[in-house]
There are 2 protein chains.
Amino acid sequence: MITIKEVSELAQVSQATVSRALNGHSTVKEINKIKVFEAIEKLGYKPNAFAQALASSRSNSIGMLVGSLEGPFYGPLMHNAEDIVRKKNMHLIVTSGQESKEKETDSIRFLQSKQVDGLIIHSDMLSDDELIKIAKNTPATVILNRYVPELSNQCICIDNELGGYLATKHLLESGHIKVACITGQLSKIDSRDRLQGYRNALTEYGIQYDASLIAEGRFDHDGNHEKVRRLLDRDNGITAIFCQNDNIALAAYDVCSERELTIGKDISIVGFDNDTYSQHIRPRLTTVNFPVLEMGVEAANCVLSLVHKEEYSVNNKLAPELIDRDSVKKFN
Amino acid sequence: MITIKEVSELAQVSQATVSRALNGHSTVKEINKIKVFEAIEKLGYKPNAFAQALASSRSNSIGMLVGSLEGPFYGPLMHNAEDIVRKKNMHLIVTSGQESKEKETDSIRFLQSKQVDGLIIHSDMLSDDELIKIAKNTPATVILNRYVPELSNQCICIDNELGGYLATKHLLESGHIKVACITGQLSKIDSRDRLQGYRNALTEYGIQYDASLIAEGRFDHDGNHEKVRRLLDRDNGITAIFCQNDNIALAAYDVCSERELTIGKDISIVGFDNDTYSQHIRPRLTTVNFPVLEMGVEAANCVLSLVHKEEYSVNNKLAPELIDRDSVKKFN
DNA sequence: GAACTTAACGAAAGCGCTTGCAGTGTCTTA
DNA sequence: TAAGACACTGCAAGCGCTTTCGTTAAGTTC
């Protein structure tokens, strides 16, 4: 391994000067800079990131915890965050929590032991208190999709209530009256907020909330088919379903096809998230866009501003919007 | 920051003993171990990964370069690789090359400067020679989806030729004779191999290869619709299309719907990759499964065995298989 | 030309850890 | 009981870098 020592010897300056030339923290004579960079070039020198980090206690990297390294949600999130971080000449280290509290904790440990300068956290399992503790250790911490009052300007969420409202309103506007709603796990605040949005829209249109039109599903793939079947079996004149995410909508698609119900004609469906596949399934799914791109960008910008202690006004409640495609029948 | 020094003082042993207790490289008296771990617990000590890495020149982490942090291919790849790596108490650091040679090089640099113990590389832009050079620097390097003869037991590919053969054979077996093929970029070896598989199947069934049935598309989203339209416009009695990936198949779906051709009846389509959405589109797409899961697992196992210098017989040509769904009409 | 400022640099300490080496003390073995 | 073997431990060097501090040389001011 080529070290700074060899560079300094070849360039006939001290190690300190090489370091300074490299980092630009202090002034170095032009002639020496040239000598240094020539030597670096000639030797193919690459600074040892560990030694740098150890000596400076800065790691030039941002840690990110996501639920999973795969999937239509986390993918773009990581992608966009990395983009921004890279542009600032820093690096993003991503780990996944894989829906286990232990792994989430372990991942945060790992990232902190790597002395990340900042942290972007999308956690399912960690409690607010634990997040607060983490943010105390790593002040430049940004929390995604969770609102922790104590960390109010470090949280970036989307307005789930608005999203639920938009989806429902779209159905109502299209002339539907019996609008069902399949929620995610009601243990999750996202589900409850989206449901509240649904209720708000109903109220606005003067329609009574009817609990028999509600079913609790799951945001992941498990068991939604059965929920949809049972909902339809209730046979209470449903003409439209607001599925609280696109996964659930997918299950609804499958069940409708089982029952030979033509989506967009016999029944209408609205999803939530605007996952990549929502535009590939037929009929193309009308859904609420989850601004995951913006979230990635915002998270990265926010964490970088915290790291560099710059002023930055976070946009911490991102607005979803309706993507009107082909899965909703319009009566008017 | 709590350091090993403080732990050693509280436990009333030397730093060396703390280190040894922690790493188990050497024997430490039981009573001292207990004292050490009690002290660690009490102080909430976390070893500084940089100092560890610097001192030991081992980083306990594997670097991974992928094309993008998102998408149905790289997602599961990362996911499964991380799983395995974690189980060995190491960590995976993922960076993306984003289809730019510069970024790929930069990412590898970054990973190497982080002293990763091993490297898993899925590169689009780097030349074989460059890969060889990288593998020289980091001996525990595994190359994905590329066969570099000099690194033969560090390459993990799938058998694209077999895949192309299986797709075509399925169509032929189902009674189709005029089978078109839309390839990916022919600059990519994958495309050429899949095409060769197509030809092999034709030969086996005694059918003459007809260049007018071939069109060159792209593995990504760009411009495939137009290619499909032009192919159909040639009006040469095509009853089936082998699309060299699911993306292309998606474009074919769109064009067929434009032209009111019912897939699985008027025309048959086989894809390649078995992307997540292929089972959600209607009719469900018959496609060739790309064993991405196995690839992730195999890559991780391989790189770990290289890191620990253990014997491991790589399965470096993974077998794709046909997933028979609803997009192919069967004449028999 | 003395006194001061400033630019540029080198020496060296130190970041927190691992590890080779040299003990020390205990246990076997003949 | 001497001597070798062994288990355990501490000392201290050193990993490759950053950064403080002091020094030198050059420039500035009156």
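First the proteins, then the strands, lettered A, B, ... as listed; each starts at 1.
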Visitor: Please give, in whole Å, the distance from D:dG16 P to A:Met1 CE?
Guide: 7 Å

Visitor: Which residue lies toward the 5' end of DNA chain D, B:Val28 or B:Ala51, if each is placed at its nearest nucleotide?
Guide: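 Closest to the 5' end, via its nearest nucleotide, is B:Val28.
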
Visitor: C:dG16 P sits how many Å from B:Ile40 CD1, rounded?
Guide: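 In whole Å, C:dG16 P lies 16 Å from B:Ile40 CD1.
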
Visitor: Evaluate the criterion salt bridge (charged side-chain N to carboxylate O under 4.0 Å, His left out) for residue pair A:Lys101 and A:Glu130; output intermediate values, then yes/no.
Guide: CA-CA 11 Å; A:Lys101 180 158 180 172; A:Glu130 286 163 317; 3.2 Å; yes

Visitor: Taking only side-chain N and O atoms of A:Ser57, does any of them lie within less than 4.0 angstrom of OP1 or OP2 on C:dC15?
Guide: no

Visitor: Tell me: NZ of A:Lys46 to P of D:dG16, nearest whole Å?
Guide: 14 Å

Visitor: Kindly say whether the aromatic ring centers of A:Phe73 and A:His122 come within a distance under 6.0 Å.
Guide: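 Yes, they do, as the ring centres are separated by less than 6.0 Å.
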
Visitor: Quick one: pull up CD1 in B:Ile156 and CD in B:Glu294 and give me the separation to the nearest 0.5 Å.
Guide: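 So the gap between those two atoms works out to 11.5 Å.
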
Visitor: Looking across every strand, which nucleic acid part, if any, lies under 4.0 Å from A:Thr17 by heavy atom: base, sugar-phosphate, or nothing?
Guide: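 Sugar-phosphate contact only - A:Thr17 comes under 4.0 Å of backbone atoms but never of a base.
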
Visitor: What is the separation between atom CZ on B:Phe50 and atom C1' on D:dT18, rounded to the nearest whole Å?
Guide: 14 Å

Visitor: Quick one: list whatever passes ring pair (Phe, Tyr, Trp, His ring centres under 6.0 Å) with A:Tyr45, sequence neighbours left out.
Guide: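 Here no residue qualifies.
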
Visitor: Counting any heavy atom closer than 4.0 Å, what does A:Ser19 reach on the DNA or RNA strands: base, sugar-phosphate only, or nothing?
Guide: base

Visitor: If you check every side-chain atom of A:Leu54, which of C:dG10, C:dC17, C:dC15 has the closest atom?
Guide: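 Of the options given, the side chain of A:Leu54 lies nearest C:dC15.
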
Visitor: Provide, to the nearest angstrom, the distance between the CD atom belonging to A:Gln115 and the P atom belonging to D:dT18.
Guide: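 Those two atoms, CD and P, are 16 Å apart.
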
Visitor: Is any side-chain heavy atom of B:Asp128 closer than 4.5 Å to one of B:Arg146?
Guide: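 Yes - at least one pair of side-chain heavy atoms lies under 4.5 Å apart.
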
Visitor: How long is the line joining NZ of A:Lys29 and P of C:dA8, in whole Å?
Guide: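 Distance check: A:Lys29 NZ to C:dA8 P gives 7 Å.
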
Visitor: Got a sec? Which of residues 2-9 of chain A come in under 4.0 Å of DNA chain D, heavy atoms?
Guide: A:Thr3, A:Ile4

Visitor: Work out which heavy atom in B:Ile2 is nearest to a heavy atom in B:Leu43; give both atom names and the distance.
Guide: CG1-O, 3.6 Å

Visitor: I want to check one thing: is the phosphate of C:dA8, taken as OP1 and OP2, less than 4.0 Å away from some side-chain N or O of A:Thr27?
Guide: yes

Visitor: Select from B:Gln12 and B:Ala55 the residue whose nearest nucleotide in DNA chain D is closer to the 5' end of that strand.
Guide: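 Taking each residue's closest nucleotide, the earlier one in sequence belongs to B:Gln12.
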
Visitor: Is there a side chain to side chain donor-acceptor pair (under 3.5 Å) between A:Thr138 and A:Thr141? Walk through the geometry before answering.
Guide: CA-CA 6 Å; A:Thr138 308; A:Thr141 292; 4.8 Å; no

Visitor: Compare every heavy atom of B:Leu65 with every heavy atom of B:Ser96, then report the nearest pair and how far apart it is.
Guide: C-CD1, 3.9 Å

Visitor: Let me know the distance between CZ of B:Arg58 and C1' of C:dC17, rounded to the nearest Å.
Guide: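 The distance from CZ of B:Arg58 to C1' of C:dC17 comes to 12 Å, rounded to the nearest Å.
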
Visitor: With the threshold set at 4.0 Å, does a side-chain nitrogen-carboxylate oxygen contact exist between B:Lys5 and B:Glu9?
Guide: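 Salt bridge: yes.
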
Visitor: List the protein contact pattern of nucleotides 20-25 of chain D with one symbol per nucleotide (5' to 3'): B for base contact, S for sugar-phosphate-only contact, - for none; contact means a heavy-atom distance under 4.0 Å.
Guide: B-----

Visitor: Is A:Ser14 near enough to C:dG10 that one of its side-chain N or O atoms lies under 4.0 angstrom from OP1 or OP2?
Guide: yes

Visitor: Rounded to the nearest Å, what distance is computed from the CG atom of residue A:Asn48 to the C1' atom of nucleotide C:dC15?
Guide: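 The distance from CG of A:Asn48 to C1' of C:dC15 comes to 13 Å, rounded to the nearest Å.
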
Visitor: Can a salt bridge be assigned to the pair B:Lys87 and B:Asp83 using a cut-off of 4.0 Å between side-chain N and carboxylate O?
Guide: yes

